[in-house]
There are 2 protein chains.
Amino acid sequence: MARSTRESILTAAAELMRRRGYAGVAMKDIADASGAPIGSLYHHFRGGKVQIAREALANAGAAYGLLIPAVVDAHTDLGEAVQAVFDQAADDMAASGLVNMCPVASVAAEVADTVEELRQTAGEIFDGWITGGTAYFVARGVDEGQARDLTTAVIGGLEGAFVMARTLRSVEPLRAAGRVLAPQYRGTILAVRERVR
Amino acid sequence: MARSTRESILTAAAELMRRRGYAGVAMKDIADASGAPIGSLYHHFRGGKVQIAREALANAGAAYGLLIPAVVDAHTDLGEAVQAVFDQAADDMAASGLVNMCPVASVAAEVADTVEELRQTAGEIFDGWITGGTAYFVARGVDEGQARDLTTAVIGGLEGAFVMARTLRSVEPLRAAGRVLAPQYRGTILAVRERVR
DNA sequence: GTCTATAGCGGGATAGAC
DNA sequence: GTCTATCCCGCTATAGAC
């Protein structure tokens, strides 16, 4: 159960960055939140702050990539599945005090034009989400082109609604996005599938 | 034609912040980009960096609020209008080297939990966009609830797709969002209306 | 109202004892 | 592998000459 120092540093960094972005988090903040002293941060991550951010984003990206399939798994109607994804996000965000935004978009928006390494890492995560989501929907019988557009739009819709929700202090944008996106997929029945992965 | 010093400071700040966010822009950067020395920034904006950001966001917010109606004005089919909004955004972004993201979301995502005054300003801008967009669609015959959801989803979809587009260095997410959102509104005919405002 | 110089602070990063 | 002390730089903001 005892997580390694390395792991707790990454967890703390991801948690802080999803709230305050990249520049808004100081190495000292990560040290304090993780319980490790500054020296340990540089011991475990020679590349300093950028490296910590890269690994923290990659971890968070992998974790978040599982969420959409997990929610959709419980549904056979695609419209209901889409609505459930946005409602689940709204519930999670409300439960965590309107703070539950993934760190990937937060950091990506901020550094896309300044820290090339981080842009690239975030880009790979988005790519992975799109590829993974597309494969998931294809495995459940959706046409590939449509699966890709849907996945891209859902991810973009979630990220945009997260920003609005935090700023407006209301999860209504998430629910509205669900209400708008879901109806046209109602009646599209998802195939049962072999366990993927 | 000669803009005031005040105005050029705000323009420079908005331009920089839409690319680098709030923390990523230094007062010196704004001074250099606007041509005004540091002292002038504090002369015109007693509230320092936060005040400059607030006014820059408010200006940009007002300007961006006109864009969606301007694009939709040219259409009578709501589905075509929605597609046109996303395609226009994609074209603009491509034309400007994938950098044309509005500063409101950039800054909002970063400071929503840390600089309350900026969160509030950004929140007012989102509110204004939603209210204005809803009124516009209602004036063209759309049901109020649907108009509000559509406006919210379009704004969120644009902001999320902007982040993805910059990060992936491709405008494809914007076009995908349009392809997903537009179809269900195809066939909904917008009413001609008296000039609004 | 314009501009320079600088104060004062907090940032990332490092060295080196333990 | 842990932790402290410290360096150096760049940031916001101010003072005050012009």
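Just so we're on the same page: letters track the sequence lines, and every chain starts at 1.
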Give the rounded distance in Å between these two atoms: [atom1] of [X] and [atom2] of [N].
{"X": "B:Phe45", "N": "D:dT12", "atom1": "CZ", "atom2": "C1'", "result": "16 Å"}
{"X": "A:Ile9", "N": "D:dG1", "atom1": "CD1", "atom2": "P", "result": "11 Å"}
{"X": "B:Leu41", "N": "D:dT14", "atom1": "CG", "atom2": "C1'", "result": "13 Å"}
{"X": "A:Lys28", "N": "C:dG12", "atom1": "NZ", "atom2": "P", "result": "11 Å"}
{"X": "A:His43", "N": "D:dT4", "atom1": "NE2", "atom2": "C1'", "result": "16 Å"}

Quick check: is B:Trp129 connected to B:Val138 through a chain of hydrophobic side chains (ILVMFWY, heavy atoms under 4.5 Å apart)? no
Do A:Arg140 and A:Tyr136 have side-chain N/O donor and acceptor atoms under 3.5 Å apart? yes
Lys/Arg-Asp/Glu bridge criterion (N-O < 4.0 Å) met for A:Arg193, A:Asp73: yes
Is a donor on one side and an acceptor on the other found under 3.5 Å between the side chain of [X] and the backbone of [Y]?
{"X": "B:Arg166", "Y": "A:Ala109", "value": "yes"}
{"X": "B:Lys28", "Y": "B:Pro37", "value": "no"}
{"X": "A:Glu110", "Y": "A:Tyr22", "value": "yes"}

Within less than 4.0 Å of OP1 or OP2 of C:dT2, is there a side-chain N or O belonging to B:His44? yes
Is A:Thr5 near enough to D:dG1 that one of its side-chain N or O atoms lies under 4.0 angstrom from OP1 or OP2? no
Of the nucleotides C:dG1, D:dC3, C:dC3, which one has an atom closest to the side chain of B:Pro37? C:dC3
Heavy atoms under 4.0 Å is the rule here; annotate nucleotides 13-18 of chain C 5' to 3' with B where the base is hit, S where only the sugar-phosphate is, and - elsewhere. BB----
